[in-house]
Amino acid sequence: MHLQGSSWSTAVASSDGNGGRSTPLRVDAQRNLEHVLRAAREVFGELGYGAPMEDVARRARVGVGTVYRRFPSKDVLVRRIAEEETARLTDQARSALGQENEPWSALARFLRTSVASGAGRLLPPQVLRVGVDVETEIRVPQQRQAALATTATTATTATTAQPELRLVEQPPAPRGEPDDAGAAALLEVVGQLVERARAAGELRPDVTVADVLLVIATAAPSLPDAAHQAAASARLLDILLDGLRSRPAG
């Protein structure tokens with residue numbers, strides 16, 4: 001997998017492993033950080049977020065200790081990659097909206113650009129829950145917490161024989177999931193693409209935002225030969241786009 005865009009080195013230079021601002025790095029430290037982030041995208045894109053940190057270190061040609069100095073845990077590194085890929089897809093969707101007046105062309109442009117970039121292989125599970133109202137799940141976490149609290153209270157009252165039942169008020173974010181704001185921004189802009197194409201009668205009425213994101217995640221297989229991978233992705237995406245498009249009645 002190859003990184004695209006000239007903003008990558010700028011982005012990694014201005015933030016630390018937790019996504020916050022940091023002081024400028026030494027030249028060698030900056031170079032190592034870029035190698036680690038590039039390697040992480042490649043390794044996680046090929047093997048999934050379950051790949052060990054040692055694989056990332058080997059691909060970056062640095063010691064695993066170097067990786068842990070910038071990212072104190074694997075979850076921190078995974079979150080960093082997932083957030084950057086989510087933001088990149090959001091930018092690609094906004095670009096398609098702004099540059100294509102025809103609804104189907106805008107949606108197809110977004111899908112082709114995103115699949116070609118390989119970002120879909122790094123989407124977190126949070127935005128790939130087919131059949132689930134992902135937008136609601138992301139935008140109202142406080143309501144979900146309140147529902148959990150009510151359920152736990154009811155269960156505790158009804159079953160006193162299980163005193164070990166506890167409710168964790170703020171559970172850690174699932175591995176690989178970006179912040180709620182980043183995921184919500186992606187869902188919102190992709191939702192605009194979907195609604196426009198559906199309103200124009202060019203998209204199947206049952207297709208959802210989650211379906212579109214699933215296409216991005218599955219139409220970019222990881223193959224050892226770059227030319228073979230590009231050809232396979234293009235062919236698979238053509239088939240999937242044909243399946244998404246509405247058919248005239250009769």
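None of these values were measured; they are calculated from a predicted model.
- At least one donor-acceptor pair closer than 3.5 Å links the side chain of E202 to the backbone N or O of W104.
- Although no hydrogens or angles enter the test, the distance criterion places a donor-acceptor pair under 3.5 Å between the side chain of R204 and the main chain of G243.
- T218 is listed as a side-chain neighbour of L240, based on a closest heavy-atom distance under 4.5 Å.
- The two residues A39 and A60 come nearest to each other via the heavy atoms CB-N, 3.5 Å.
- Put simply, the side chain of S105 never gets that close to the backbone of E100: no donor and acceptor are under 3.5 Å apart.
- A 4.5 Å side-chain heavy-atom check between M53 and L77 finds at least one atom pair inside the cut-off.
- In this structure a side-chain-to-backbone donor-acceptor pair under 3.5 Å is missing from Y49 to D75.
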For R80 and E84, run salt bridge (charged side-chain N to carboxylate O under 4.0 Å, His left out): C-alpha distance rounded to whole Å, both residues' side-chain angles, the deciding distance at 0.1 Å, then the answer. CA-CA 6 Å; R80 169 73 174 266; E84 289 185 347; 2.7 Å; yes
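- Nearest heavy atoms, V189 versus A93: CG1-CB, 3.5 Å.
- Contact annotation: the side chain of L186 approaches that of L123 to within less than 4.5 Å [non-hydrogen atoms, C-beta and beyond].
- At least one side-chain heavy atom of L97 sits under 4.5 Å from a side-chain heavy atom of R196.
- Within the 4.5 Å cutoff, side-chain heavy atoms of D242 are placed close to those of R247.
- The minimum heavy-atom distance between A106 and L193, with the atom names listed, is CB-CD2, 3.7 Å.
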Under the side-chain contact (heavy atoms from CB on, under 4.5 Å) criterion, do L107 and E102 qualify, and how do the steps go? CA-CA 9 Å; L107 180 59; E102 203 279 318; over 6 Å; no
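- Annotation: the span from I216 atom CD1 to Q92 atom CD amounts to 8.0 Å, rounded to 0.5 Å.
- Two residues are said to be in side-chain contact when any heavy atoms from C-beta on lie closer than 4.5 Å; V194 and T208 fail this criterion.
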Step by step, work out the salt bridge (charged side-chain N to carboxylate O under 4.0 Å, His left out) result for D206 and R198. CA-CA 9 Å; D206 62 327; R198 184 184 293 128; over 6 Å; no
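- Proximity of a side-chain donor or acceptor of S117 to a complementary backbone N or O of S114 within less than 3.5 Å is detected.
- S233 and V115 get closest at one heavy-atom pair: CB-CG1, 4.0 Å.
- Closest of all the heavy-atom pairs between V56 and V36 is CG1-O, 3.9 Å.
- Using a 4.5 Å heavy-atom threshold, the side chains of R70 and L37 count as separate.
- Remark: side-chain polar atoms of S95 are not paired, donor with acceptor, to backbone N or O of D91 under 3.5 angstrom.
- Looking at heavy atoms from C-beta onward, D211 lies out of side-chain contact with V215 at the 4.5 angstrom threshold.
- Annotation for L236 and A219: closest pair CD2-CA, 3.6 Å, computed over non-hydrogen atoms.
- Within the model, atoms NE2 of H35 and CD of Q30 stand 10.0 Å from one another, a figure rounded to the nearest 0.5 Å.
- Here E34 does not pair with R31 in a salt bridge; the nearest charged N to carboxylate O distance is not below 4.0 Å.
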Apply the test salt bridge (charged side-chain N to carboxylate O under 4.0 Å, His left out) to residues R235 and D238: give CA-CA distance (whole Å), side-chain angles for both, the deciding distance (0.1 Å), then the verdict. CA-CA 5 Å; R235 174 62 177 160; D238 283 341; 5.5 Å; no
